[in-house]
Asks: 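Starting off with a structure, shown below.
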Amino acid sequence: EVARSTGSCIVCTAALAAALLWIPAAAEGGSPQAPAGKIDPWLSDRLAEGGSAPFLVLFDRPESLRAALAGVRVSGRPGRAVYDTLRERARASQAAARAWLDARGIPYRKLYVVNGLAVSGSLDLARALAARPDVLRIVGDPAVRGIEGGWAIEKTVCGLPWGVQAVEADDVWSQDGVRGDGIVIASADTGVQWDHPALIAAYRGWDGEVASHDYNWHDAIDDLPAPIDDHSHGTHTVGTMVGEDPVAREQIGVAPGARWIGCRNMDLGVGSPSTYIECNQFFLAPWPHGGDPETDGDPSKAPDIVNNSWGCPTSEGCDPWTLESSFAALREAGILAVVSAGNSGPYCSSVTDPPAIYGESFVVGATDSSKALAYFSSTGPVTVDGSGRLRPDLAAPGVSVCSSVPVNGYTSFSGTSMASPHASGVAALLWSARHQLKNRIGLSRCILSRSADPAVSPTYVTECGGTTAATRPNNLFGWGLASAWDAIHLGPDADADGIPDACDCAPADGGAYDLPGEVGGIRFDTGPDIISWNSLALEAGPGIVYDLLRGDLADLRDLGTIEDASCLAGGTSANSFEDLDLPLADGAFYYLVQARNGCGAGGWGSNSSGTARVHASCP
């Protein structure tokens, strides 16, 4: 949406147009909340005991941030647009609160990716911040167990582990000649022994002679300039994704041709909401050591895939919604977040903690070498948020998985922590083989899921949420066991557009394969009369067309709807239009665009009430 005026502002950007109609976050959905009600009870109880504690000050709801990101999708990698949108939103909404904290010498960490600040202080400080109208919520930032379960079996060699063979990665290497080249996978974990013989060659910060950790490593725990691993968990998961030591004949990684970067979000296996968020912030737009995430971030250095073999237990005070916006940002930026289901099985609805409960996460359960579901693998449906969301999406090897550990060693671990890096590696192979899918999350998740091997056998529980092993997908192991070979070769593809029919919403239309999203980037940038917008051709197919509305801004304010707008263009294939008309004196036009293809229409967006905008005659 963009406004055009004959007043002092000749062209108003979408951000300014939105600001004219913006309602402060604290007032959305009703009257501003009382200060005491803004502080999470879990945090309030602990602060009431005296002393200080870390907490997060939030200025937005997850749904508000998702709505802000919905219109920024662009062709190719939209990371820059997501980064700019989030940091500018955080600066604007947090400016007064940051100045207030600065004036009192109270330190804080910027978490623009969730529009929040990490602060430590007393109940009085929390109450003072809660009294501010710009603050929406204050929640705890406790130390929580990020990893749990599993066991280690000492080994000296791995060779070609059974898990690599089970996901058919070795078949892809030998028959397709694909090893993950061109893909970057990120590790959000306990750290990494970056110079392990099986990992050093794949580290993006190593050129064969010199290491450069800037943009390739971040430590959200101790801010160390070079990678470490104080637990071994992170080194093990990275090995499963990309590990290879040709000299020692260790072929432990599913995608040994891919590169890796890392962020340490746990201290000896213990993390916190702020460290988990900070690592996602680093992955969205990596910054150099000592840099400012809001000004020095570089989205062009973002990874393609992030592996998350950890959880944030709500039973230990992790607010269930605090991390969600950071995962929504990764998805909008074209970054696939792969997440372990958790080790609380076999009981139904044991997927209970972030980030596995989020719709933005691609969640992975664990199997053993006989394709049996591991007894510890958490299952769905998700009930803690009332969503009934099916979990997991699929399963991968997670029992007695052999991989790298510090220092320069190898051992076997078990857990869904070992399963998700197998799936991350499979995704890397898919994107390396099928470049048109790279960073297109919806289609890729569909292909990874629909191609999974359904021949997984349940163990202790045979039905969850009304689904059994015979149901695809189900709440036991999702669609089945991940398969790199089957993902790359999934067919048929009737219209030969590179998207298999199972994931193509218009399998007979070679110009359409995904429903268009909301159009973003509406602007006047090539001339005073040319209105342009972001193309969605890469996202939804080359056969996309656009409809353009123009209305009077005063009417929009008065009526609250777009019904009186005029249809300037219906079904144009270009993502620009020349409009020579101008508003009356001191008036203003607004413009809206929707995209359509053989799968349907993306719509005109939503009114401030959350209902979809409609127009009777356009197209």
Side-chain angles (χ1 to χ4, degrees), residues 146-147 150 152 155 158 161 163-164 167 169 179-181 183-206 211 213 215-221 224 226-246 248 250-266 269 271 279 282-283 286 303-310 335-340 364 396-398 401-429:
I147 53 179
K155 284 184 180 292
C158 293
V164 173
V167 298
R179 291 166 43 87
D181 296 79
I183 307 301
V184 177
I185 310 178
S187 166
D189 216 294
T190 62
V192 189
Q193 185 202 337
W194 71 273
D195 59 353
H196 191 290
L199 304 183
I200 186 171
Y203 178 42
R204 195 176 68 179
W206 176 250
H213 303 304
Y215 303 101
N216 300 310
W217 164 258
H218 180 67
D219 188 336
I221 303 297
L224 299 176
I228 67 163
D229 184 358
D230 60 10
H231 187 282
S232 76
H233 190 270
T235 301
H236 196 277
T237 56
V238 172
T240 298
M241 293 188 285
V242 301
E244 179 181 48
D245 182 356
E250 298 290 356
Q251 196 64 67
I252 56 175
V254 173
R259 311 300 298 274
W260 68 268
I261 65 173
C263 184
R264 181 180 174 222
N265 63 10
M266 288 177 280
C279 281
F282 176 73
F283 295 140
D304 301 299
I305 299 162
V306 177
N307 186 74
N308 301 273
S309 292
W310 53 270
I335 300 170
L336 177 66
V338 183
V339 173
S340 58
V364 187
V401 172
C402 194
S403 188
S404 47
V405 291
V407 174
N408 300 343
Y410 299 89
T411 195
S412 290
F413 289 161
S414 294
T416 57
S417 285
M418 287 59 255
S420 60
H422 280 91
S424 294
V426 169
L429 292 178

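Position 1 is the first residue of the sequence; numbering continues from there.
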Asks: Shortest non-hydrogen contact from Ala198 to Asp245?
Replies: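 For Ala198 and Asp245, the tightest heavy-atom pair comes out as CA-CB, 4.0 Å.
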Asks: Taking side-chain hydrogen bond (donor to acceptor under 3.5 Å, both in side chains) as the test, write out the residues that go with Tyr410, two or more places apart.
Replies: none
Asks: Assess, by modelled atom type and distance only, whether the side chains of His236 and Ser404 contain a donor and an acceptor separated by less than 3.5 Å.
Replies: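 There is no such pair between these side chains.
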Asks: Please report the closest heavy-atom contact between Ala428 and Ile185, naming both atoms and the distance.
Replies: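 Answer, listing the atom of Ala428 first, then Ile185: CB-CD1, 3.8 Å.
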Asks: Among all residues two or more places apart in sequence or in another chain, which pass the side-chain hydrogen bond (donor to acceptor under 3.5 Å, both in side chains) test with Ser309?
Replies: Asn307, Ser420
Asks: Any donor and acceptor pair, going by atom type alone, linking the side chain of Trp260 with main-chain N or O of Leu199 inside 3.5 Å?
Replies: yes
Asks: Not counting sequence neighbours, which residues clear side chain to side chain contact (heavy atoms under 4.5 Å, CB included) with Pro406? List them please.
Replies: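 Scan of Pro406 (side chain to side chain contact (heavy atoms under 4.5 Å, CB included), adjacent residues dropped) gives Gln193, Asp229, Ser232, Thr235.
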Asks: Test of understanding: with side chain to side chain contact (heavy atoms under 4.5 Å, CB included), list the residues that count as partners of Ala188, not counting sequence neighbours.
Replies: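 With neighbours one apart ignored, the set is Asn265, Phe283, Val306, Asn308, Trp310.
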Asks: Test of understanding: with ring pair (Phe, Tyr, Trp, His ring centres under 6.0 Å), list the residues that count as partners of His218, not counting sequence neighbours.
Replies: Phe282, Trp287
Asks: If you take all heavy atoms of Met241 and Ser187, which pair is closest and at what distance?
Replies: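 Closest pair (atom of Met241, atom of Ser187, distance): CE-CB, 4.4 Å.
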Asks: Set out, in order, the CA-CA distance, both residues' side-chain angles and the distance that settles side chain to side chain contact (heavy atoms under 4.5 Å, CB included) for Val184 and Ile261, then state yes or no.
Replies: CA-CA 7 Å; Val184 177; Ile261 65 173; 4.2 Å; yes
Asks: Going by the rule side-chain hydrogen bond (donor to acceptor under 3.5 Å, both in side chains), which residues pair with His196 if we only count those two or more places apart in sequence or in a different chain?
Replies: none
Asks: In chain order, what residues pass the side chain to side chain contact (heavy atoms under 4.5 Å, CB included) check against Ala211, with sequence neighbours excluded?
Replies: Trp194, Trp206, His213
Asks: Give the minimum heavy-atom separation between Leu429 and Val254, together with the two atoms involved.
Replies: CD1-O, 3.5 Å
Asks: Going by salt bridge (Lys or Arg N to Asp or Glu O under 4.0 Å), name the residues that satisfy it together with Glu250, two or more places apart in sequence or in a different chain.
Replies: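 Listed in chain order: nothing, the list is empty.
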Asks: Residues in salt bridge (Lys or Arg N to Asp or Glu O under 4.0 Å) with Arg204, at least two apart?
Replies: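 Partners of Arg204 under the salt bridge (Lys or Arg N to Asp or Glu O under 4.0 Å) test: none.
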Asks: For Ala427, give me all partners under side chain to side chain contact (heavy atoms under 4.5 Å, CB included), at least two apart in sequence or on another chain.
Replies: Ile305, Leu336, Leu448
Asks: Which residues pass the side-chain hydrogen bond (donor to acceptor under 3.5 Å, both in side chains) test with Asp230, sequence neighbours left out?
Replies: Arg264
